[in-house]
Amino acid sequence: IGEVWEDASNKIAYGVRRRYFQGGQLDGTMNYPLRDAIVDYVLGGGADAIAAFMETFTGNTPKPALNCMMNVLSTHDTARILTVLGANALPETRAEAADFKLTDEEYDIGKKRLKLAAALQYTLPGFPCVYYGDEAGAQGTADPFNRMPFPWGREDHEMIDWYKHLGKLRVKYSDIFSSGDYQLIKAEGGEFTFSRDGKITISVNTDMITAVITVEAL
């Protein structure tokens, strides 16, 4: 798995087109392009934008590599996803960043948005990789303030339960989520609905801040 921040199937660096997915190099990458698309969508970017991204991304990326993409929302190189999705404005100076915490109102909206983002992280092509503490409500701005200890004794159990639910779905329907085809069903306003192999339907709506995962008869 390579640390490539751009579309690894179509990257040019130092005047050379990279051949990451043409054999002998990478099986997949840290999926930063998908992270950016999810964040933009959950923050109100519209379902048509993430649907257009997925059309291009799935079209460019060979299926074996697509199945091996590491779907991330936070890493040691990014601000914590809860902070990104909840903050009205991120701090501009290092001193402000060191002490930054979401207000109760920001935390509540950030948590609702993170549930949607995590649902996409777990159900779109690739495999989910959770940065420790994201599932427990950890906050943090950019490095190094995203590397604080796990919030032992202060875990957000509602978030933990949501991640457990998503994890159980991944295990129960592992064949579909690990290699099933992605198919767009609807992208309108805030509603983004798609299926995996035509057997599992995932519908996320940023207008109502809801995520619904429906399993058809298998």
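This is a predicted model, so every value here is computed, not measured. All heavy atoms count here, side chains included; hydrogens, waters and symmetry mates do not.
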Point-to-point distance, once rounded to the nearest 0.5 Å, from [atom1] of [X] to [atom2] of [Y]:
X	Y	atom1	atom2	answer
T210	L116	OG1	CG	7.0 Å
L166	K164	CG	NZ	13.0 Å
L85	S74	CG	OG	8.5 Å
D36	I50	CG	CD1	11.0 Å
N31	C129	CG	SG	11.5 Å
T61	M69	OG1	CE	6.0 Å

Among residues at least two apart in sequence or on other chains, which ones pass side chain to side chain contact (heavy atoms under 4.5 Å, CB included) with [X]?
X	value
P144	R94
E105	T103
T56	N60
K186	E188, E191, T193

Under 4.5 Å between any side-chain heavy atoms of [X] and [Y], yes or no?
X	Y	answer
P91	T141	yes
L120	V204	yes
L43	R113	yes
L124	M54	yes
D156	K111	yes
S195	D197	no
T123	R170	no
I81	V39	yes

Is there any salt bridge (Lys or Arg N to Asp or Glu O under 4.0 Å) pair reaching into [range], and which pairs are they, with sequence neighbours excluded?
range	value
residues 77-92	R80-D134
residues 49-72	K63-D181
residues 38-52	none

Does a sphere of radius 6.0 Å around CG in D104 hold more than 12 heavy atoms from other residues, nucleotides or ligands, not counting ones at 6.0 Å or beyond?
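No, CG of D104 has 12 or fewer neighbouring heavy atoms, counting only those of other groups under 6.0 Å.
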Test item: [X] side-chain N/O and [Y] main-chain N/O as donor-acceptor pair under 3.5 Å:
X	Y	result
S179	D175	yes
Q121	A119	no
N205	D207	yes

So which atom in [X] and which in [Y] form the shortest heavy-atom distance, rounded to 0.1 Å?
X	Y	value
F177	Y122	CD2-O, 4.1 Å
W162	A118	NE1-CB, 4.2 Å
A79	A142	CB-N, 4.0 Å
L66	P125	CG-CB, 3.7 Å
Y107	G137	OH-CA, 3.7 Å
G133	P151	CA-CD, 4.5 Å

Output, in order, the C-alpha distance, side-chain angles, deciding distance and verdict of side chain to side chain contact (heavy atoms under 4.5 Å, CB included) for T75 and E3.
CA-CA 11 Å; T75 71; E3 185 176 7; over 6 Å; no
Under a 4.5 Å side-chain heavy-atom rule over Ile, Leu, Val, Met, Phe, Trp and Tyr, are I209 and Y163 clustered together?
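Both belong to a single hydrophobic cluster.
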Applying the 4.5 Å side-chain criterion to the ILVMFWY set and letting contacts propagate, would M148 and V130 be lumped into a single cluster?
no
Short side-chain donor-acceptor distance under 3.5 Å, Q139 and T83
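Side-chain D/A pair, T83 to Q139: absent.
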In chain order, what residues pass the salt bridge (charged side-chain N to carboxylate O under 4.0 Å, His left out) check against K115, with sequence neighbours excluded?
E158
Mind checking salt bridge (charged side-chain N to carboxylate O under 4.0 Å, His left out) for D108 and listing every partner two or more places apart, or none if nothing turns up?
K112
Classify the ring geometry between Y41 and F192 as parallel (under 30°), tilted (30 to 60°) or perpendicular (over 60°).
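Perpendicular.
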Hydrophobic clusters join Ile, Leu, Val, Met, Phe, Trp and Tyr when side-chain heavy atoms are under 4.5 Å apart, directly or via other members; which others share one with Y132?
Y131, F150, W152
Residues clustering with W5 (ILVMFWY side chains joined when closer than 4.5 Å, directly or via others)
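Grouped by the 4.5 Å side-chain rule, I1, M30, Y32, M70, V72, F127 form the rest of the cluster around W5.
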Verify side chain to side chain contact (heavy atoms under 4.5 Å, CB included) between K101 and D99, making sure each step is shown before the conclusion.
CA-CA 7 Å; K101 289 286 186 294; D99 299 321; over 6 Å; no
Please test E106 against N88 for side chain to side chain contact (heavy atoms under 4.5 Å, CB included), starting from the C-alpha separation and ending with a verdict.
CA-CA 7 Å; E106 289 175 326; N88 290 324; 3.3 Å; yes
Once ring-ring contact (aromatic ring centres under 6.0 Å, His included) is applied, do any residues pair with F53, and if so which ones, sequence neighbours excluded?
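Expected list: F57.
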